[in-house]
Asks: 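Would you mind keeping the following structure in view while I ask a few things?
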Amino acid sequence: MQVGEFLYEGKAKQIYATDNEKVVLIKYKDDATAFDGTKKGTIVNKGIVNNRVSNLLFKLLEKNGIETHLLEQIDDRQTLVKKVKIVPVEVVVRNVIAGSLSKRIGVEEGVELADTIIELYYKDDELHDPMINEYHARVMGWATAEQLKEIDRQAHIINKVLKEFFDSINIILVDFKLEFGLYEGRIILGDEISPDTCRLWDKISLEKLDKDRFRRDMGKEAEAYQEVVRRIEAVLA
Ligand code: TMP
Ligand code: ASP
């Protein structure tokens with residue numbers, strides 16, 4: 001596989017074309033941002049951890065019937081993936097109250113939800129990713145009703161698989177964000193699932209093992225990311 005032209009740089013990744021028009025190369029960076037990119041920093045070796053974690057979790061999901069964009073990890077920071085047309089809707093799945101939900105409804109972080117909550121956000125940094133619902137997504141043409149139903153179905157399966165997996169390594173999967181894309185007409189899972197895009201709390205100590213350490217200036221970000229990859233590799237590698 002030949003690496004082609006540089007296509008796009010996001011906050012945590014770069015994307016390159018390849019000699020196969022259906023395949024792109026993702027390169028994970030150590031750059032960390034929060035609050036729509038207004039807070040900037042780096043987390044040492046974050047790119048390596050996120051590449052590894054996301055690929056191991058995507059393989060686990062594939063085994064459980066979820067199609068993902070993952071094709072092949074090239075090295076510690078680079079992975080080949082199917083080129084998808086991203087649905088511009090971020091899908092947040094919640095099991096425990098935290099973050100923006102805690103603020104929105106005025107309930108303290110850590111309260112377990114009676115059932116899963118799925119939220120949709122319009123993927124637009126300039127607008128600060130506003131929360132939307134299925135009506136907005138469908139009427140604005142960001143996804144069809146059928147695609148939204150499929151996204152909801154997959155998000156529930158992904159949550160079940162990941163919640164059980166993280167529980168087995170003594171981590172509470174508090175919440176996480178998914179992005180889906182269209183590939184050959186099918187809705188498949190894209191982007192990444194990593195400590196950047198999840199809230200992961202140690203089951204015993206409730207210590208945060210995710211990007212909230214960076215968002216909230218808690219320190220020991222790199223150590224937390226390493227701890228997550230260490231526990232995942234102990235089971236999945
Ligand atoms: P929130 O509580 O800030 O809405 O975040 C919910 C989950 O989604 C949390 O695990 C972090 C993740 N997330 C992202 O991955 N990217 C984002 O831009 C935001 C706002 C949240
Ligand atoms: N990654 C997003 C940003 O850079 C938000 C976040 O994860 O907090 O703004």
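Note that the structure is predicted; figures quoted are calculated from it, not measured. Counting starts at 1 for both ligands and their atoms, following the listed order. Because only heavy atoms are used, hydrogens play no part in the values below, and waters and symmetry mates are left out as well, while side chains stay in.
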Asks: Run the side-chain contact (heavy atoms from CB on, under 4.5 Å) check on E119 and R94 step by step: do they pass?
Replies: CA-CA 8 Å; E119 299 170 346; R94 302 184 183 270; 3.0 Å; yes

Asks: As an exercise, identify every atom of ligand 1 less than 4.0 angstrom from a heavy atom of F176.
Replies: 10 (O)

Asks: Should one rank K211, E109, R199 by closest heavy-atom distance to atom 6 (C) of ligand 1, which comes out on top?
Replies: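 Among K211, E109, R199, the closest heavy atom to atom 6 (C) of ligand 1 belongs to R199.
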
Asks: How does S100 reach ligand 1, if at all, at less than 4.0 Å between non-hydrogen atoms: by side chain, backbone, both, or neither?
Replies: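 Near ligand 1, S100 shows its backbone as well as its side chain.
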
Asks: In sequence, state the C-alpha distance, the side-chain angles, and the governing distance for L178 and F176, and then conclude on side-chain contact (heavy atoms from CB on, under 4.5 Å).
Replies: CA-CA 7 Å; L178 302 170; F176 56 100; 3.7 Å; yes

Asks: Under 4.0 Å from a heavy atom of G99: which atoms of ligand 1 are those, numbered in the order shown and with their elements?
Replies: 2 (O)

Asks: For A143, does its backbone N or O pair with a side-chain atom of R138 as donor and acceptor, under 3.5 Å?
Replies: no

Asks: Does an N or O from R215, backbone or side chain, lie closer than 3.5 Å to an N or O of ligand 1?
Replies: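 For ligand 1, there is no N or O atom that lies under 3.5 Å from one belonging to R215.
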
Asks: Do the two ring centres, one from F58 and one from H69, sit under 6.0 Å apart?
Replies: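 Centroid separation for F58 and H69: below 6.0 Å.
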
Asks: Between R94 and ligand 1, is there a nitrogen or oxygen pair with a distance under 3.5 Å?
Replies: yes

Asks: Determine whether F166 and L57 make a side-chain contact, defined as any pair of heavy atoms from C-beta on separated by less than 4.5 Å.
Replies: yes

Asks: Going by the atom numbers of ligand 1, which of them fall below 4.0 Å from some non-hydrogen atom of V92?
Replies: 6 (C), 8 (O)

Asks: Any chance the side chains of H156 and N159 put a donor and an acceptor closer than 3.5 Å?
Replies: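 No - no donor-acceptor pair under 3.5 Å links their side chains.
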
